Amino acid sequence: MSLVVSPSMVQRWTRLSRRAAAAVVIVLLGLAVLPGVLGAGAIDRLAALFVYVIMAAMWNALAGYGGLVSVGQQMFFGLGAYFTVRLAETGLDPFVAMGMASLLVAVVSYPLSLVMLRLKGGEFAIGMWVVSALTHLMVNLDGLIQGETGRSLISLNAYAPGARRDIIYWLALVAMTGLLGGLFALLRNRTGASIQAIRDNEEAAGSLGIDVTRTKRLIFVLAAFGIGVAGALWLASATTFQPKTYFSVQWTAYMIFMVLVGGIGRFEGAILGAVIFFLIETWFGALGVWYLIGLGVVALLFSLFMPLGLWGAIETRFGVSLMPVGYRLEIPPQSRKD
Amino acid sequence: MSVDSGDGAGASRFSGSGITKRFGALAVLESVDFSMGMDEAVGIVGPNGAGKTTLLATLSGAYQPSAGAVTFGGHDVTRLPAAARCRLGLVRTHQVPKPFSGMTTFENVYVAAAHGDVRSRDEAYERAIDALNLCGMLAVANRQAETLGLLDRKRLELARALATGPKVILLDEIGGGLTDSEAQELVQTIQELRRRGIGIVWIEHIVHVLLQVVERLICMDAGRIIADGEPQAVMSDPEVVRAYLGGSTQ
């Protein structure tokens with residue numbers, strides 16, 4: 001059978017996903033004007049949601065697309081906050097310090113990637129946790145932090161409480177939009193396909209000309225940067241930095257929860273998972289220990305009965321993709337010649 | 001009786017000289033000399049454990065040789081990893097297929113095409129579609145690779161290798177486990193690669209399938225090349241008969 005080959009046979013956007021993209025733009029514009037509408041408490045909570053979305057998307061990028069399951073991502077969350085405190089002490093504006101701290105996290109993650117990406121599978125996962133614990137201890141040694149005494153982002157007081165809240169909200173919104181938009185663009189281009197190929201079979205990916213090391217490093221540094229941003233944002237709304245709060249493995253546990261429940265390896269999955277986690281926390285967070293037990297049970301049930309997560313199940317059942325990063329081949333009948 | 005069409009070790013040849021590969025104390029390849037024109041089709045046969053796959057893996061860059069050198073089209077590629085050799089036009093398929101399970105068939109082939117010498121995304125698309133068409137895989141283009149059966153996994157190995165835009169393809173038992181009619185389809189596909197001027201190195205146990213494509217045959221035994229030349233002559237070589245045909249395996 002001969003075939004008239006045309007690149008137009010490859011479909012990426014669908015009518016549905018174009019509508020979804022338009023809806024996303026409208027939702028984001030709506031979110032941008034909310035500080036004038038909602039009360040202080042709601043704005044704080046929404047800023048937290050944006051941070052959760054960032055964390056879920058970044059862990060999903062690393063583990064779901066890159067196959068790099070890490071239990072140590074709290075290291076970057078903690079460093080994002082710690083560097084912010086440190087830089088703000090030099091007299092830098094706290095919001096400028098947050099941006100620079102996030103970049104610094106990315107810079108630090110680069111040499112770390114040279115070592116950690118030599119590890120595979122479980123060794124990488126646990127190795128990251130070990131390095132995270134070491135980083136925590138090193139931060140404890142800083143005279144400014146004084147062990148677990150901690151330090152506040154005092155310079156935030158230069159801003160009036162209302163203005164501060166709105167700025168943090170908008171920064172979180174912009175960071176979420178920028179990071180997820182950038183990640184989406186990355187996953188849709190050639191690099192995105194390479195990342196997934198490496199996840200599925202590293203040796204085959206290498207034998208087809210993919211630069212395995214460079215590609216893995218890219219996703220590692222990106223995830224570190226994004227989670228560093230999340231840590232800096234969290235510090236800005238909480239104002240106090242105490243190492244054990246930020247370097248706690250619970251942050252990674254939350255990321256895993258959000259991604260597993262929402263749908264690992266699905267762009268929409270991480271966002272949906274973050275929203276679900278946010279709702280559960282909002283409704284049941286006050287229950288303390290029972291809340292955490294509930295989270296564990298939910299995660300267990302999902303991994304047993306819905307291993308693709310909620311969005312994975314929807315996608316398989318209905319064949320829908322709102323934010324497609326993949327490729328579909330559609331051969332029109334008239335291009336086949338016999 | 002060499003069927004070589006080239007000029008020694010120049011720009012139009014693919015050669016390995018003195019290739020030795022040891023795993024600990026075990027020498028799997030012992031000073032193997034191999035050379036072919038870039039558009040030649042060479043078959044490799046030999047009993048199990050002869051070192052055929054190891055030779056292919058060493059030529060393609062999956063393994064570094066313990067000693068010896070590999071040159072490809074005038075480049076010394078001995079220290080280059082597989083990815084860099086692939087970008088020069090040397091690619092292999094795997095005996096046990098290694099699909100990217102979580103991606104569709106088309107995406108598997110596209111990612112290979114996108115890392116070839118294409119100038120644009122559209123060109124990569126065209127090359128991927130062409131490779132799928134040639135390997136008879138258009139019907140399963142949107143299936144997840146993990147759902148493919150053995151025949152399609154074998155075809156996918158070939159389609160992906162083809163999509164990289166190779167000068168030479170190393171095929172490792174791509175016909176193994178296929179029925180006669182499936183193997184015939186495969187022969188037609190590989191003959192089409194030959195018409196496109198792509199060099200072939202093909203390890204295969206099914207000799208009559210192999211002989212439909214190659215004009216030169218190498219027989220290996222115990223990490224060495226024991227015969228090399230015109231296929232009928234190699235198959236009737238006394239040492240080949242003893243080591244391979246007369247052995248307990250066939």
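Chain A is the first sequence line, chain B the second, and so forth, proteins listed ahead of strands; every chain is numbered from 1. Not measured: the values here are computed from a predicted model.
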Trainee: Where the side chain of A/Asp200 meets the backbone of B/Gly102, is there a donor-acceptor pair that is under 3.5 Å apart?
Mentor: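 Between the backbone of B/Gly102 and the side chain of A/Asp200 there is a qualifying donor-acceptor contact (under 3.5 Å).
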
Trainee: Of the backbone (N, CA, C, O) and the side chain (C-beta and beyond), which part of B/Pro99 lies under 4.5 Å from a heavy atom of chain A, both, or neither?
Mentor: backbone

Trainee: Is it the case that over 12 heavy atoms from other parts of the model lie below 6.0 angstrom from the CZ atom of A/Phe184?
Mentor: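 Correct, the count exceeds 12.
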
Trainee: Search all heavy atoms of A/Ala204 against all heavy atoms of B/Phe100 and return the closest pair with its distance.
Mentor: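 Nearest pair, atom of A/Ala204 first, then B/Phe100: CB-CE2, 3.8 Å.
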
Trainee: Return the option, out of A/Val212, A/Ile210, A/Val5, with the maximum number of heavy-atom pairs under 4.5 Å with chain B.
Mentor: A/Ile210

Trainee: Between A/Asn189 and B/Arg121, does the side-chain contact (heavy atoms from CB on, under 4.5 Å) criterion hold? Intermediate values first, please.
Mentor: CA-CA 9 Å; A/Asn189 83 12; B/Arg121 174 176 285 202; 3.7 Å; yes

Trainee: Against chain B, work out which of A/Met9, A/Glu330, A/Glu203 has the most heavy-atom pairs shorter than 4.5 Å and name it.
Mentor: A/Glu203

Trainee: Using a cut-off of under 4.5 Å on heavy-atom pairs, state which of B/Asn142, B/Leu90, B/Asp122 scores highest against chain A.
Mentor: B/Asn142

Trainee: From A/Leu208 CG over to B/Arg87 CZ, what is the distance, rounded to the nearest 0.5 angstrom?
Mentor: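 The distance works out to 11.0 Å.
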
Trainee: Using a cut-off of under 4.5 Å on heavy-atom pairs, state which of B/Glu157, B/Arg92, B/Arg85, B/Arg160 scores highest against chain A.
Mentor: B/Arg160

Trainee: Count the heavy atoms of every other residue, nucleotide or ligand shown that sit under 6.0 Å from CZ of A/Arg15, and state whether that count exceeds 12.
Mentor: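 No.
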
Trainee: In terms of ring plane angle, is the pair A/Tyr327 and B/Tyr110 parallel, tilted or perpendicular, where the classes change at 30° and 60°?
Mentor: tilted

Trainee: Rounded to the nearest 0.5 Å, how far does CG of B/Leu138 lie from CD1 of A/Ile331?
Mentor: 5.0 Å

Trainee: Please classify the contact between A/Ser8 and chain B as side chain, backbone, both or neither, with a heavy-atom cut-off of under 4.5 Å.
Mentor: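 Neither the backbone nor the side chain of A/Ser8 comes within 4.5 Å of chain B.
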
Trainee: Quick check: are there more than 12 heavy atoms from other residues, nucleotides or ligands sitting under 6.0 Å from CZ of A/Arg317?
Mentor: no

Trainee: Give a yes or no on whether A/Arg118 atom CZ has more than 12 heavy-atom contacts from other residues, nucleotides or ligands under 6.0 Å away.
Mentor: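 At most 12 heavy atoms, drawn from other residues, nucleotides or ligands, come within 6.0 Å of this atom.
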
Trainee: What is the distance from atom CD of A/Gln196 to atom OG of B/Ser101, rounded to the nearest 0.5 Å?
Mentor: 12.0 Å

Trainee: Can you tell me which of B/Leu132, B/Leu134, B/Val111 forms the most heavy-atom pairs within a distance under 4.5 Å of chain A?
Mentor: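 Most pairs with chain A among the choices: B/Val111.
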
Trainee: Quick check for you: among A/Gly206, A/Ala197, A/Ala193, which has the greatest number of heavy-atom pairs under 4.5 Å with chain B?
Mentor: A/Ala197

Trainee: Examine whether an atom of B/Ala114 lies under 4.5 Å from a heavy atom of chain A, and if so say whether it belongs to the side chain, the backbone or both; otherwise answer neither.
Mentor: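 Looking at B/Ala114, backbone and side chain both touch chain A.
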
Trainee: Report the C-alpha distance between B/Val91 and A/Ser207 in whole Å, list the side-chain angles of each, state the deciding distance to 0.1 Å, and finish with yes or no for side-chain contact (heavy atoms from CB on, under 4.5 Å).
Mentor: CA-CA 7 Å; B/Val91 68; A/Ser207 71; 5.6 Å; no

Trainee: Decide if atom CZ of A/Arg214 counts as having more than 12 heavy atoms of other residues, nucleotides or ligands within a radius under 6.0 Å.
Mentor: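 No, CZ of A/Arg214 has 12 or fewer neighbouring heavy atoms, counting only those of other groups under 6.0 Å.
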
Trainee: Could you check whether atom CG of B/Asp180 has more than 12 heavy atoms from other residues, nucleotides or ligands sitting under 6.0 Å from it?
Mentor: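 For B/Asp180, atom CG is not crowded (no more than 12 foreign heavy atoms under 6.0 Å).
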
Trainee: Begin with the C-alpha distance, continue with both residues' side-chain angles, and end with the deciding distance and a verdict on side-chain contact (heavy atoms from CB on, under 4.5 Å) for A/Arg190 and B/His115.
Mentor: CA-CA 8 Å; A/Arg190 188 181 83 153; B/His115 286 81; 3.8 Å; yes

Trainee: Between chain A and each of B/Cys86, B/Ala161, B/Ala163, B/Ala112, count heavy-atom pairs under 4.5 Å; write down the option with the most.
Mentor: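 If we count pairs closer than 4.5 Å to chain A, B/Cys86 comes out on top.
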
Trainee: Apply side-chain contact (heavy atoms from CB on, under 4.5 Å) to residues B/Thr104 and A/Leu329 and explain how you reach the verdict.
Mentor: CA-CA 10 Å; B/Thr104 68; A/Leu329 189 63; over 6 Å; no

